Amino acid sequence: FIVRSPYINYESFGQPLICWYNIRIKPSLIELSISVDFESFNVGKLVGDHCTGGHLQILDSKYEAVNSNLGFHCGEIKQPKKIVRQANAMLLVFTVQNISD
């Protein structure tokens, strides 16, 4: 399936936005992995070693400590990028502090 930016109307500008995408595949004896391909990506900015303004968080573990240390992405990607996780479920959480474009 294809995930695109949500529809943004005039009332949305200046507001925070959180989008959740829950991906699940049927468990298989052969392979338990999910591959997510991004054609382009632009959310937040990387400042030092943390994201400001927004981020994508990838949650794929039942352990909170694993999820909190793994899977934060931000900045701009203008070329394809692939993220592969060895799991049968993945939650993508896009968070933007202020919709401006």
Side-chain angles (χ1 to χ4, degrees):
F1 70 91
I2 297 174
V3 174
R4 289 192 164 75
S5 297
Y7 173 74
I8 304 298
N9 59 29
Y10 179 74
E11 290 85 27
S12 301
F13 281 93
Q15 301 296 317
L17 176 70
I18 299 176
C19 294
W20 300 66
Y21 299 94
N22 194 359
I23 302 167
R24 295 187 178 276
I25 60 172
K26 290 184 179 181
S28 165
L29 295 176
I30 300 170
E31 185 176 331
L32 272 176
S33 67
I34 297 174
S35 174
V36 178
D37 297 295
F38 292 94
E39 290 182 15
S40 64
F41 179 93
N42 188 358
V43 62
K45 291 182 181 178
L46 183 62
V47 177
D49 62 352
H50 66 279
C51 298
T52 63
H55 62 269
L56 162 64
Q57 185 179 13
I58 299 176
L59 305 166
D60 65 351
S61 176
K62 63 182 178 180
Y63 302 106
E64 186 175 331
V66 172
N67 287 326
S68 66
N69 292 320
L70 173 70
F72 282 91
H73 304 269
C74 59
E76 184 174 10
I77 299 170
K78 293 185 178 181
Q79 58 190 19
K81 178 176 178 154
K82 179 180 285 217
I83 296 174
V84 178
R85 296 286 200 250
Q86 299 297 317
N88 69 335
M90 178 187 292
L91 180 63
L92 305 177
V93 182
F94 287 90
T95 302
V96 177
Q97 293 172 355
N98 182 347
I99 299 172
S100 59
D101 305 311

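If you're wondering where the values come from, they're calculated on a predicted model, not measured in any experiment. No hydrogens, no waters, no symmetry mates; every other heavy atom, side chains included, goes into these values.
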4.5 Å side-chain heavy-atom contact, [X] and [Y]:
X: His73; Y: Lys81; result: yes
X: Ile23; Y: Leu91; result: no
X: Gln57; Y: Thr95; result: no
X: Leu59; Y: Val93; result: yes
X: Val43; Y: Val96; result: yes
X: Phe38; Y: Ile83; result: yes

(request) Of all the heavy-atom pairs spanning Cys51 and Gly54, show the shortest one and how long it is. (result)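 Looking at all heavy atoms of both residues, the shortest contact is CB-O, 3.6 Å.
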(request) Identify the heavy atoms of Val84 and Ser33 that sit nearest to each other, and give their distance. (result)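 That would be CG1-CB, 4.4 Å.
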(request) Supply the atom-to-atom distance Asp60 CG to Arg85 CZ, rounded to the nearest 0.5 angstrom. (result)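 The distance works out to 5.0 Å.
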(request) Mind checking salt bridge (charged side-chain N to carboxylate O under 4.0 Å, His left out) for Glu76 and listing every partner two or more places apart, or none if nothing turns up? (result)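 Per chain and number, Glu76 pairs via salt bridge (charged side-chain N to carboxylate O under 4.0 Å, His left out) with Lys78.
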(message) Please identify which of these residues, Phe41, Phe94, Phe72, meets the ring-ring contact (aromatic ring centres under 6.0 Å, His included) condition with His55.
(response)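 Result for ring-ring contact (aromatic ring centres under 6.0 Å, His included) with His55: Phe72.
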(request) Go through the structure and list residues passing side chain to side chain contact (heavy atoms under 4.5 Å, CB included) with Ser40, not counting sequence neighbours. (result)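 None.
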(request) Might you work through the side chain to side chain contact (heavy atoms under 4.5 Å, CB included) test for Ile77 and Asn42, ending with a clear yes or no? (result) CA-CA 6 Å; Ile77 299 170; Asn42 188 358; over 6 Å; no
(request) In sequence, state the C-alpha distance, the side-chain angles, and the governing distance for Cys74 and Lys45, and then conclude on side chain to side chain contact (heavy atoms under 4.5 Å, CB included). (result) CA-CA 6 Å; Cys74 59; Lys45 291 182 181 178; 6.0 Å; no
(message) The test is side chain to side chain contact (heavy atoms under 4.5 Å, CB included); show your working for Asn88 and Ile34 and say whether it passes.
(response) CA-CA 7 Å; Asn88 69 335; Ile34 297 174; 5.8 Å; no
(request) Please assess His50 against Thr52 for the test side chain to side chain contact (heavy atoms under 4.5 Å, CB included), listing each intermediate value before the final yes or no. (result) CA-CA 7 Å; His50 66 279; Thr52 63; 3.8 Å; yes
(message) In this structure, would Tyr21 and Val36 fall into the same cluster of hydrophobic residues linked by side-chain contacts under 4.5 Å?
(response)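 Same hydrophobic cluster.
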